[in-house]
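Notes for the one structure printed next.
In the text below, chain A, chain B and the rest are named by the order of the sequence lines, each starting its count at 1.
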Number of protein chains: 2
Amino acid sequence: MYIEIDFNSDEAIYSQLCDQIIMGIAAARLNDGDPLPSVRQLANDIGINMHTVNKAYTVLRQQGYVKVDRRRGAVISVDPDKAIALEELGESLRVDIARAFCRNISREDVHKLVDRIFDDYASDHSKE
Amino acid sequence: MYIEIDFNSDEAIYSQLCDQIIMGIAAARLNDGDPLPSVRQLANDIGINMHTVNKAYTVLRQQGYVKVDRRRGAVISVDPDKAIALEELGESLRVDIARAFCRNISREDVHKLVDRIFDDYASDHSKE
DNA sequence: TTGCTGTTATATATAAGATATAACAAATAC
DNA sequence: GTATTTGTTATATCTTATATATAACAGCAA
């Protein structure tokens, strides 16, 4: 588990943790069935409190990225809820693209950026 | 000024205010040189505190969407900093697309969504 | 003068984020 | 059996962010 936390960021630690794990799944560094480190282990590795990791795991479970097995602990388990995900993506993009639009970033600029990010995730995927 | 605040949202009021004004600029409902309502006026219209509006205006000024004229108050003034905006957009997209990727949302799905949002902003623009 | 700008200062209340310590039931390893 | 590890829950504490309230200030305009 390579986790990078920016302690000077205005984004909450547990939120950064969620983002990194989700990006790890997209990049196929984490696959369905893979166990996550225990809350105590990961907290110790990163140098943060156990409850901060626990909050991240709880959020990931509520959002459908993780399930908890009493025996094995937290395990990656993505449930593909495309409809809701599309709606949430739209909400987020509406604001991001507004900011981009104000700065004369073109539709093609955004498409290229999307393609580049998709290629990154897809290429990581093909290595498995 | 049509501002919609969701008081049940987990997003801060001043942050929602910033987003709405930026989306207003993208949609050309607000144009360069247009004055924003005074902090007291807008606070009164929405039913929130003056300082909450003031914080939003301050953030918008720091991010380069607004300038302050002692005589006229806050005025829309977008400075097109494309390089920084592209970087910020990339950071945001990397997380959003990871979430989408996990939910089997395709590259084409994202492109369509981007186009739809761009069309919305551009069509609003052409009405002016 | 009167009234309007944004701005600043101070104070207060609530909520969120992070930490610390402790305990619990369930499962595993010995 | 014991010991250890799992997620989970409960308390408590501290800091920061958010939002409100009241008040005052300098600059500008009618």
Q: Ignoring hydrogens and angles, tell me if any N or O in the side chain of B:Thr52 forms a donor-acceptor pair with the backbone of B:Ile48 under 3.5 Å.
A: no

Q: Using the ring of B:Tyr121 (Phe, Tyr or Trp, six-membered ring only), decide whether A:Arg107 places NZ or CZ under 6.0 Å from its centre and within 45 degrees of its axis.
A: no

**Q.** Polar pair under 3.5 Å, donor/acceptor by atom type, side chain B:His51, base C:dT7
**A.** no

Q) Which of residues 9-23 of chain A have a heavy atom under 4.0 Å from DNA chain C? A) A:Ala12, A:Ile13, A:Tyr14

Q) Of the residues in residues 41-49 of chain A, which ones touch DNA chain C at a heavy-atom distance under 4.0 Å? A) A:Ile48, A:Asn49

Q) Once the angle between the rings of B:His111 and A:His111 is folded into 0 to 90°, is it parallel (under 30°), tilted (30 to 60°) or perpendicular (over 60°)? A) parallel

(Q) Taking any heavy-atom pair under 4.0 Å as a contact, classify B:Arg72: base, sugar-phosphate, or nothing. (A) nothing

Q.
Minimum heavy-atom separation for B:Ala28 and B:Asn31, please, with both atom names.
A. O-OD1, 3.0 Å

**Q.** Short side-chain N/O contact from B:Thr52 to OP1 or OP2 of D:dT20, under 4.0 Å
**A.** yes

(Q) In this structure, how many angstroms lie between the C1' atom of D:dA21 and the CE atom of B:Met50, rounded? (A) 9 Å

**Q.** Between D:dA21 (P) and B:Arg40 (CZ): distance, integer Å
**A.** 14 Å

Q: Return no unless some side-chain N or O of B:Arg61 is found under 4.0 Å from OP1 or OP2 of C:dT7.
A: yes

**Q.** Shortest side-chain distance from B:Ala74, nucleotide among C:dG6, D:dG7, C:dT21
**A.** C:dG6

